[in-house]
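One structure is given below, encoded as structure tokens.
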Amino acid sequence: MNRTDIIKRIAAGMLAAVLTAALAGCGKTPASSAGGQNTLEPDSAVSTTGAWREEEVTPDENARSYKTPVALADGSVRMLEAGADNTLHLLTSADNGATWQEITVDWQPAGAESFGVCCMLPDGGCFVTAVKEENGQRKESYWTLDPETGVLDPVTLPENIVQLSDAYPLGGESLLLLGMSLVPASADAPAVLVDENGMMKTTSPWKLDLATGACEELTALANTLQGSIISGMAADPSQPGAFYHLSYGSEGTQLLYTDLNGTTSVRMESLPGTNAFGACADEEGNYYYTSQDGIYRLVSGGTLAELVVDDAGTMLTGENTVPMGLALCPDGSFLMITGDSRVYRYYWDADAPVEENTAALTVWSLGNNDTVRAAIEVYEQQNPGLTVTYQVTMEDGATTREDALSALNTALLAGSGPDVLILDGLDWQAYRDKGLLADLSEWVDLSALQSNLVDPFREQEGVFVLPARFSVPVLCGAPEDLAGLDSLDALAEYLLQLPARPAWDYTSAGYYEQLEQPYGLGVVSVEQLLDFVLGSSAAALTEDGVNGDAVEAVLKFVQQVGSYYGMENYKGLLSNGVISSGSEGQSVSYGDGSYECFSTGNALLAWEEMLTPSYLTAVRKDRAGVSLIQRPGLVQGAYTPRTLSAVCAGASEEAGAFIAILFGSEVQASWQQDGMPVRAEALQSSIEANCPDSEARQNVQTLIDALQTPVTQPDDTVRDALLQNANALIAGDVTLEQARTGVEDALNLYLAEQE
């Protein structure tokens, strides 16, 4: 691929399970350095100065990725950069990551056409995977770079290892490797996964001793893996060869510890605020991890995770910020590597004044919202001394959706609720009908917004809710393949004329091999197939009450395609994903629906929730000439309202001022991964900046101009009923009529509860 991308192959349920119980932490300041190793201790007294600062220190905006830095005994820091042009660059910093210089290295002995999995080693050297094509097959070779001589030495791995997916230094001279290996197929293995020699691929971990070349498979660890990465992995420098890592479950996130004997134990049952793909440990074995709350520390042997770096005003707050690496520098500062190839430094500014702030208003939402965070930052800059309290009620996983809504409703009816509401995924009409929302037209210049996106929210009495962002469910492919796909029936007929999709995921042998005849759509679960159709159809289900015909049309499409694809055999398939840098720094997310079209090339059509005009530009780098159309469904001009904003009736003028900022030029013109802006001039600028090609620009413009129907996803109860009946239909356990009745009952109950 010619685009800048970072592949994150993560189990579909893994990210959803990241939210855990939150604990309030104490402010921390760096203590003095001893022997080159800094520790972080609580303040012994209230200080009037000192604050953590964030600065971006990305060496090259065009890099494909950065590997987690390492701090050396001489006080320097080294980091490996993978360039978009398939090159590697070894960088060094003498000022704890504030500035970087390149160390000249001759990478030619590796003979690579490109570089795969690479990582820094504790001594400042590197482990490097060189990739080249031989007779149409991917071949990997492995090398280490000596930090003193700059010489590349070959490393031999067992022959059954066919491709690495990650590498983690374990301290000393050992590496933890993760990748795919060939093993004898079991008797019950699906035939599509077994090659002509009776072998199949599986994901396995190994421990490599760089000094001796010995490489042993870690069988016990393999049983705990959740996908093809080890989340929150950090070597314990106090016990070289031992390491921390995380396990995500419905009850929270466990911190695990694997000792030198390979025995894994639980160090902490439920970490607060966890999204720790980025983690590290210091020389004393204390564990640090990233979160949307900030950076936490768990003292070795301790039972309390303490908040070291607060998230206020930092990239850590962003819902779509994915920390892929974390390093502790010699001066006690941190370096964070993100999934979109950025490097951020967090350092203590001892001279920063601590200001006393006054709470001005409260913003409420179920989940974190980047656009709200951006508006809070602008509001507080414009109103020094005033702060905005942002209540993200389900961020810590301790509160259920039902409890959060019950508490909100009680507070609103009592007149003690928040000032501003973000109603994404909620039935906003119910709040409007109870007289709980104020008319936004008092504060928002509606004429400045894209009219076709806000007109559906205009009522005779006023405008009580408005989306500050939006996205579009799209179908993408060659114009000749998209022609005539203007309904679910037409799309189903088209898909059934193509080969059926095999029951595989990214761990399957055939996943990356080009099929002679591609299938139509990339999906790895019935849930994904249901998401595909609901994105442009959900609004029809409750149009003028329960619409049974719409329910039947949705279920019929899922039954036809799901049965043809044999999705009753899609058991536990893992979801794939890519984050690709697009135009103007606007990253593009590929799910299975796009990946299987543009990366493996085995699906003719791609489907996505388009969050930025850059999507079309990004995919055209992989397949020239493709176009976008509205995803076929049951409503015309479907779009997804995001950052759905409202002000509570009787709220203060500060709430109105905040809403004005939310829809104002500064916030709307900023790139936020919540979606595209609704302010007309900001939207137009985004289209022009992200679609430099006139044909692409016209395609996106035409698509957006045709939008007319806001579509939100159904309530969890209704969604569960849809999914349960769709699975039963595909398995042949119920008829279409029985499935329709089951979903209609759930919809009737849902609507009755809203009254």
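For this chain, numbers begin at 1 and follow the sequence in order. Side chains are part of it too, since the values below use all heavy atoms of this structure and drop only hydrogens, waters and symmetry mates. This one's a predicted model, so the numbers in the text were calculated from it and none came from an experiment.
Using a 4.5 Å heavy-atom cutoff, the side chains of P502 and Y519 are in contact. Between P330 and N96, the closest side-chain pair of non-hydrogen atoms falls below 4.5 Å. Two residues are said to be in side-chain contact when any heavy atoms from C-beta on lie closer than 4.5 Å; D236 and F243 fail this criterion. Proximity of V523 to Y565: side-chain heavy atoms (C-beta onward) are separated by under 4.5 Å at one or more points. Counting heavy atoms from C-beta outward, L218 and L176 have side chains that approach closer than 4.5 Å. In this structure, K207 and S174 have side chains that are in contact, with non-hydrogen atoms separated by less than 4.5 Å. By the 4.5 Å heavy-atom criterion applied to side chains, V70 and P122 are not counted as neighbours. Between S471 and M610 the shortest side-chain heavy-atom distance does not fall below 4.5 Å.
Counting non-hydrogen atoms of other residues, nucleotides and ligands closer than 6.0 Å to CD of Q517 gives a total of 12 or fewer.
In terms of modelled atom types and a separation under 3.5 Å, the side chain of N261 and the main chain of T263 share no donor-acceptor contact. Looking at T58, its side chain never comes within 3.5 Å of a backbone N or O of E61 through a donor-acceptor pair. When atom types are taken as modelled, the side chain of R697 and the backbone of P692 share a donor-acceptor pair closer than 3.5 angstrom. A donor-acceptor contact shorter than 3.5 Å links the side chain of R623 to the backbone of C597. Using a distance-only test at 3.5 Å, with no hydrogens or angles considered, no donor-acceptor pair links the side chain of E102 to the main chain of H89. S291 places no side-chain N or O within 3.5 Å of a backbone atom of I295 that could act as its donor or acceptor partner. A donor-acceptor contact shorter than 3.5 Å links the side chain of S93 to the backbone of T99. T617 contributes a side-chain N or O that, together with a main-chain N or O of N690, makes up a donor-acceptor pair within less than 3.5 Å. No side-chain donor-acceptor contact under 3.5 Å links N86 to the backbone of S114. Listed for the T144 side chain is no donor-acceptor partner under 3.5 Å among the backbone atoms of F127.
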Kindly determine whether T129 and E140 satisfy side-chain hydrogen bond (donor to acceptor under 3.5 Å, both in side chains), including the steps that lead there. CA-CA 6 Å; T129 300; E140 293 188 347; 5.2 Å; no
Intermediate values then yes/no, side-chain hydrogen bond (donor to acceptor under 3.5 Å, both in side chains), H245 and S231: CA-CA 6 Å; H245 51 115; S231 181; over 6 Å; no
Could you check Y346 against E55 for side-chain hydrogen bond (donor to acceptor under 3.5 Å, both in side chains), going step by step and ending with a plain yes or no? CA-CA 7 Å; Y346 299 90; E55 64 173 339; over 6 Å; no
Show your working on side chain to side chain contact (heavy atoms under 4.5 Å, CB included) between L246 and L271 and close with a plain yes or no. CA-CA 9 Å; L246 302 179; L271 292 181; 3.6 Å; yes
I'd like to know whether D282 forms a salt bridge (Lys or Arg N to Asp or Glu O under 4.0 Å) with R297, so could you lay out the CA-CA distance, the side-chain angles of the two residues, the decisive distance to 0.1 Å, and finally the verdict. CA-CA 10 Å; D282 62 23; R297 174 184 65 173; 5.8 Å; no
How far apart are the C-alpha atoms of W206 and S204, what are their side-chain angles, what is the distance that settles it, and do they pass the side-chain hydrogen bond (donor to acceptor under 3.5 Å, both in side chains) test? CA-CA 7 Å; W206 304 272; S204 304; 5.3 Å; no
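A donor-acceptor pair shorter than 3.5 Å cannot be found between the side chains of T258 and Y244. Donor-acceptor pairing under 3.5 Å is recorded for the side chains of E608 and S594.
Here the straight-line distance linking atom CG of L515 with atom OG1 of T600 works out to 8.0 Å at 0.5 Å rounding.
The nearest pair of heavy atoms linking D505 to L574 is OD2-N, 2.7 Å. Here the closest non-hydrogen pair linking S575 and V524 is CA-CG2, 4.2 Å. The two atoms that bring Q528 and G522 nearest to each other are OE1-O, 4.2 Å, heavy atoms only. Considering all non-hydrogen atoms of both residues, L328 and F334 come closest at CD1-CE2, 3.6 Å. Contact detail for G601 and Q514: the closest heavy-atom pair is O-NE2, 2.9 Å. Across V117 and S165, no two heavy atoms sit closer than the pair CG2-C, 3.4 Å.
Aromatic ring centres of Y296 and Y288 lie farther apart than the 6.0 Å criterion allows. Y590 and Y595 have their aromatic ring centers separated by at least 6.0 angstrom.
Under the salt bridge (Lys or Arg N to Asp or Glu O under 4.0 Å) criterion, R78 pairs with no residue at all, not counting sequence neighbours. Shown here are the side-chain hydrogen bond (donor to acceptor under 3.5 Å, both in side chains) partners of T92, two or more places apart in sequence or in another chain: there are none. Here D95 pairs with nothing under the salt bridge (Lys or Arg N to Asp or Glu O under 4.0 Å) rule; sequence neighbours left out.
With salt bridges taken as basic N to acidic carboxylate O contacts below 4.0 Å, none links D85 and R64. A salt bridge does not link R501 to D592: none of the charged side-chain nitrogens sits closer than 4.0 Å to a carboxylate oxygen. A salt bridge between E134 and K139 is absent, with no side-chain N of the basic residue lying under 4.0 Å from a carboxylate O of the acidic one. Comment: R138 does not engage E113 in a salt bridge, judged by the lack of any side-chain N to carboxylate O separation of less than 4.0 angstrom.
Using a 30° and 60° split on the angle between ring planes, W504 and Y511 fall in the perpendicular class, above 60°.
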